[in-house]
> 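Quick one: structure below, then a few questions.
Per chain, numbering begins at 1; letters A, B, ... match sequence-line order.
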Protein chains: 2
Amino acid sequence: MAQSDTVDRILDAAEELFAERGFSETSLRMITSKAKVNLAAVNYHFGSKNSLIHAVFARFLTPFSATLELAFDELDERTGKQPATLEQTLWALTVSAVRMPQRTEKGISIFMRLLGLAYTQSQGHLRKFLEQEYSQPFGRFMNLLKEATPELSSVDRYWRIQFMLGATAFTMSSSDALIDILENKLGVETTVQEIAARLVPFLAAGMEAPEKMLTLPSVSGASVA
Amino acid sequence: MAQSDTVDRILDAAEELFAERGFSETSLRMITSKAKVNLAAVNYHFGSKNSLIHAVFARFLTPFSATLELAFDELDERTGKQPATLEQTLWALTVSAVRMPQRTEKGISIFMRLLGLAYTQSQGHLRKFLEQEYSQPFGRFMNLLKEATPELSSVDRYWRIQFMLGATAFTMSSSDALIDILENKLGVETTVQEIAARLVPFLAAGMEAPEKMLTLPSVSGASVA
DNA sequence: ATCTGTTTGAAACATACGTTTGAAGGTGGC
DNA sequence: GCCACCTTCAAACGTATGTTTCAAACAGAT
């Protein structure tokens, strides 16, 4: 029980601290002291701080991508020959994320926040690692989106997918703070699951909006259709 | 020409590096060497690295918030007693951002990326600084949004505003990379202005989506409406 | 009980950071 | 010309970081 204990304690502490403070802002000493583990243990078990970051992601991303593949399989089966709808596709993704086996009660929000950080804090090594490890389910998701929105031009689809990713990553990456603000302002308590459930209709509606292109006034005289 | 030259050179270099790499990942030595300025100049002219970050934001946020107030004034005048529509409000914001006097051609994307970072890299001091300096135009924008979406519950409006902010900040903050990817994939060239023009209909549609709340399956049996 | 390979521990290493110092340059006013 | 002030410069300071070292502790097998 020696090894796995130390390794897991490091992963737990690192996961939480990374989610709270970001990668650069979290030192190995913070991690090891929170994990009640010797400083050298990180480099012994993981080799480097960057590899530790990869390990933190792999620990939840690998089961997640497996769950996701199953959900997509199930979706393919259910819809048969005709393509899945946009809401079905988004919902499959959401359900997979929410259903993930959680280590702690904050598991899901840590998960989301880390994904957001991965996208935002453009750490080159992390992006490379994620791309080469999890490109398959990602590509499959993209294909489903394409089939679900045949009326969109490729260019519009491309940008709207970015908008979706942004809305999701951004909101989820600050979900804790945003939940607190809402509680203080309106006295409403919220879970990450509820946020996800609100997000899906928003994204689907934006994705399926008519393709009217507005043109920007070049200098003056702002008028709106 | 001595003082202003050094100060501006520092601000230019800092702005670009912060946008590229984030705050913690950018050292004063990188900034001063890019600006071809002595290391001590930053602490001499700005006092500290944090104050430099504030100065970088103030330099573009102050004129922007002035432009924005004017755009909102104009909008109020044009719509008279009845509230502005959602698209009008978003459009006023977009036009103000795009019309900002640019120092460089990349000005607008740097501007967006920094705003995104400010939201994401939860640097306590930055958030505090922005809140107390620019709360007025922000609050005014929020009020316009509220008037434009009277059918939304407060909670839904709150979350959908976060979704909008996320889609915008995220996309704009990576706009350079995303534009490159699109060019390589589909051979289409894009400007930041075009992205903004595509963003507005997406956001408006998402904001005005019907408020159906989907419920998440707790354990198994994923079925979608 | 002893040996072997693995894991922990305290300490040190080299490096990078933000900041401070004090002298040297430069500039305008008198 | 001299003085006062502002700005630049090279160097150093103290601290924090990721990583390495090597001896001690431990575990399981023989």
> Tell me: CD of A:Glu25 to P of C:dC17, nearest whole Å?
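Rounded to whole Å, this separation is 14 Å.
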> Nearest to the A:Asn43 side chain among D:dT20, D:dT17, C:dT6, which nucleotide is it?
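So the nucleotide nearest the side chain must be D:dT20.
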> By a strict heavy-atom criterion of less than 4.0 Å, which residues belonging to residues 29-39 of chain A are in contact with DNA chain C?
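Close to the strand are A:Arg29, A:Asn38.
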> Look at the side-chain N and O atoms of A:Thr6 and state whether any lies under 4.0 Å from the OP1 or OP2 oxygen of C:dT8.
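Yes, within the criterion.
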> So does B:Met207 get a backbone contact from the side chain of B:Arg160, meaning a donor-acceptor N/O pair under 3.5 Å?
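Yes; at least one donor-acceptor contact below 3.5 Å.
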> Just the rounded figure in Å: distance from P of C:dT7 to CG of A:Asp8.
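After rounding, the gap between these two atoms is 13 Å.
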> In whole Å, I'd like the distance from the CG atom of A:Asp5 to the P atom of D:dC26.
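After rounding, the reported distance stands at 15 Å.
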> Rounded to whole Å, please give me the gap between CG in B:Leu28 and P in D:dC13.
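Going from CG in B:Leu28 over to P in D:dC13 covers 20 Å.
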> Do the two ring centres, one from A:Phe60 and one from A:Phe111, sit under 6.0 Å apart?
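Yes, they do, as the ring centres are separated by less than 6.0 Å.
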> Is there a donor-acceptor contact under 3.5 Å from the side chain of B:Lys49 to the main chain of B:Phe23?
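Confirmed, B:Lys49 side chain pairs with B:Phe23 backbone.
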> So, the side chain of B:Tyr158 versus the backbone of A:Ile181: is there a donor-acceptor pair under 3.5 Å, distance only?
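No, the answer is negative, given that no donor and acceptor are paired below the 3.5 Å cut-off.
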> Write down the distance between CG (B:Asn50) and P (C:dC17), rounded to a whole number of angstrom.
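Answer to the nearest Å: 16 Å.
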> For A:Ala41, answer base if it contacts any base atom (sugar-phosphate contacts may also be present), sugar-phosphate if it contacts only those atoms, and nothing otherwise; contact means non-hydrogen atoms under 4.0 Å.
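No contact at all - A:Ala41 keeps every heavy atom at 4.0 Å or more from the nucleic acid.
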> Separation of B:Tyr44 atom OH from C:dA23 atom P, in whole Å?
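These atoms are roughly 17 Å apart.
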> Hey, does the side chain of A:Ser27 come within less than 4.0 Å of D:dT17's phosphate (OP1/OP2), counting only N and O?
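Yes, within the criterion.
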> So A:Thr26, base contact, sugar-phosphate only, or nothing? Heavy-atom distance under 4.0 Å.
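It contacts sugar-phosphate atoms only.
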> Between B:His45 and D:dT8, does any side-chain N or O lie under 4.0 Å from OP1 or OP2?
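For B:His45, the contact criterion (side-chain N or O under 4.0 Å from OP1 or OP2 of D:dT8) is met.
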> Distance check needed: C:dA16 P versus A:Lys49 NZ, whole Å only.
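Checked: the NZ to P distance equals 15 Å.
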> To the nearest 0.5 Å, what is the distance between CD (A:Glu87) and OG1 (A:Thr94)?
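A:Glu87 atom CD to A:Thr94 atom OG1 measures 9.5 Å (nearest 0.5 Å).
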> Taking A:Asp180 first and then A:Lys185, would you say they form a salt bridge - that is, a charged N and a carboxylate O separated by under 4.0 Å?
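Answer for the salt bridge query: no.
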> Sub-3.5 Å donor-acceptor pair from the side chain of A:Thr32 to the main-chain atoms of A:Arg29, do we have one?
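Answer holds: yes.
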> Report the residues that fulfil side-chain contact (heavy atoms from CB on, under 4.5 Å) with B:Ser65, sequence neighbours left out, ordered by chain and then residue number.
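Checked B:Ser65 against side-chain contact (heavy atoms from CB on, under 4.5 Å); matches are B:Tyr134, B:Pro137.
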> Going by an N to O cut-off under 4.0 Å, is there a salt bridge joining B:Asp76 and B:Arg140?
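Looking at B:Arg140 together with B:Asp76, the answer is yes, because their closest N to O distance falls below 4.0 Å.
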> Salt bridge check, A:Arg113 against A:Glu20: does any charged N sit closer than 4.0 Å to a carboxylate O?
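Between A:Arg113 and A:Glu20 there is no salt bridge, as every charged N stays at least 4.0 Å from the carboxylate O atoms.
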> Between B:Phe46 (CZ) and C:dT20 (P), how many Å, whole number?
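From B:Phe46 CZ to C:dT20 P: 16 Å.
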> Could you go over nucleotides 26-28 of chain C and give all protein N or O partners under 3.5 Å, atom names and distances?
none

> Measuring from the side chain of B:Ala40 (C-beta onward, heavy atoms only), which nucleotide among C:dT21, D:dT7, C:dT19 has the closest atom?
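Closest nucleotide among those given: C:dT21.
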